[in-house]
Amino acid sequence: MKLPESYYHNPDVVALSRDLIGKYLFTNIDGELTGGYIVETEAYAGVNDKAAHSYGGKVTPRTQTMYMQGGISYVYLCYGIHEMFNVVVSGEGHPHAILIRAVHPTDGLDVMMLRRNMEIVKPNITKGPGSVAKALGISRKINAMTLQSDVIWIEDRGLTFSNEEVAAGPRIGVDYAGNDALLPYRFYVKGNIYVSKPNK
DNA sequence: GAGATGATTAGCT
DNA sequence: GCTAATCATCTCC
């Protein structure tokens, strides 16, 4: 049921971001299975996107992961506190990535609560990219890991959302990117309680 | 080797 | 709504 390697080789990162809505993301870290279906994504489109780390074809020890063959993870630390999980897509040399911003949890809720230091399940348990990574146990240790592994993977369980249920809009937290900050590269399920920020 | 900064979040007002 | 927390990474010297 895992999405095949070829799924990630699509060079149209924006179309894939839309398609990932409703897919199931799972991790099996330290023997604890956690996961749920994706309700919010953002596309980061290669060398021409000012908001992407890879803008202008920049390659550094951190960003080299984005240039690898699609179908792997890209995990990195932001603000010294939050780790973010991205899916690398397209082919080698094309630094396209999709940031997973929110997940609707279905499995391992108790484990997520422990990781998040929560007593009860609240919507913000997997709301926002930093929260998703923490709840699912994602860390930089699994940077550049293939999504065909048994540690982290994405499944298609036949869940789909219609175009009426999915909205597109500008990305969050990329105001510095000038005109590119306005691109409708963010996709989310309207009204879902796990979606961050504007939600209508 | 030092200085600036960010795909953010939580907690308080 | 506002702001502190907090550090790997990048950019120059």
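Labels below follow one simple rule: chain letters A, B, ... track the order of the sequence lines, proteins then strands, and each chain is numbered from 1.
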Subject >> Nearest-nucleotide 5' precedence on DNA chain B, Y76(A) against R116(A) >> reply: Y76(A)
Over how many whole Å does the gap from [X] atom [atom1] to [N] atom [atom2] extend?
{"X": "R62(A)", "N": "dC7(C)", "atom1": "CZ", "atom2": "C1'", "result": "12 Å"}
{"X": "H82(A)", "N": "dT5(B)", "atom1": "NE2", "atom2": "P", "result": "19 Å"}
{"X": "Y44(A)", "N": "dG6(B)", "atom1": "OH", "atom2": "C1'", "result": "11 Å"}
{"X": "Y194(A)", "N": "dT9(B)", "atom1": "OH", "atom2": "P", "result": "16 Å"}
{"X": "N117(A)", "N": "dG11(B)", "atom1": "CG", "atom2": "P", "result": "10 Å"}
{"X": "K134(A)", "N": "dT6(C)", "atom1": "NZ", "atom2": "P", "result": "12 Å"}
{"X": "I138(A)", "N": "dA7(B)", "atom1": "CD1", "atom2": "P", "result": "18 Å"}
{"X": "I81(A)", "N": "dT8(B)", "atom1": "CD1", "atom2": "C1'", "result": "7 Å"}

Tell me which nucleotide among [options] gets nearest to the side chain of [X].
{"X": "C78(A)", "options": "dA5(C), dG6(B), dT9(C)", "result": "dG6(B)"}
{"X": "R140(A)", "options": "dA8(C), dA5(C), dT9(B)", "result": "dA8(C)"}
{"X": "L99(A)", "options": "dT9(C), dT8(B), dA7(B)", "result": "dA7(B)"}
{"X": "V174(A)", "options": "dA10(B), dA7(B), dA8(C)", "result": "dA7(B)"}
{"X": "L77(A)", "options": "dT8(B), dC7(C), dT6(C)", "result": "dC7(C)"}

Original post:
To the nearest 0.5 Å, how far apart are CD1 in I154(A) and OH in Y7(A)?
Top reply: 7.5 Å
Would the distance check show the side chain of [X] and the main-chain N or O of [Y] forming a donor-acceptor pair, the cut-off being under 3.5 Å?
{"X": "H9(A)", "Y": "S90(A)", "value": "no"}
{"X": "R116(A)", "Y": "I125(A)", "value": "yes"}
{"X": "D180(A)", "Y": "K50(A)", "value": "yes"}

**OP:** Answer with base, sugar-phosphate or nothing: what part of the nucleic acid does F85(A) contact at a heavy-atom distance below 4.0 Å?
**Re:** nothing
Should [X] be listed as having a side-chain N or O under 4.0 Å from OP1 or OP2 of [N]?
{"X": "K58(A)", "N": "dT11(C)", "result": "yes"}
{"X": "H53(A)", "N": "dA7(B)", "result": "yes"}
{"X": "Y176(A)", "N": "dA7(B)", "result": "yes"}

Original post:
Under the rule syn = chi within 90° of 0, otherwise anti, which is dA7(B)?
Top reply: syn
Original post:
Hey, is Y79(A) stacking on dA5(C)? Ring centres under 5.5 Å, planes under 30°.
Top reply: no
Subject >> Paired and unpaired positions of DNA chain C as dot-bracket, Watson-Crick or G-U wobble under 3.5 Å, | denoting a partner strand >> reply: |||||.||||||.
**OP:** Show your working on salt bridge (charged side-chain N to carboxylate O under 4.0 Å, His left out) between E40(A) and R186(A) and close with a plain yes or no.
**Re:** CA-CA 7 Å; E40(A) 186 178 4; R186(A) 172 172 177 255; 2.6 Å; yes
Can you tell whether the side chains of [X] and [Y] come within less than 4.0 Å, N to carboxylate O?
{"X": "E42(A)", "Y": "R171(A)", "result": "no"}
{"X": "D30(A)", "Y": "R115(A)", "result": "no"}
{"X": "R18(A)", "Y": "D12(A)", "result": "no"}

Subject >> Side-chain-base donor-acceptor pair under 3.5 Å for N86(A) and dA7(B) >> reply: yes
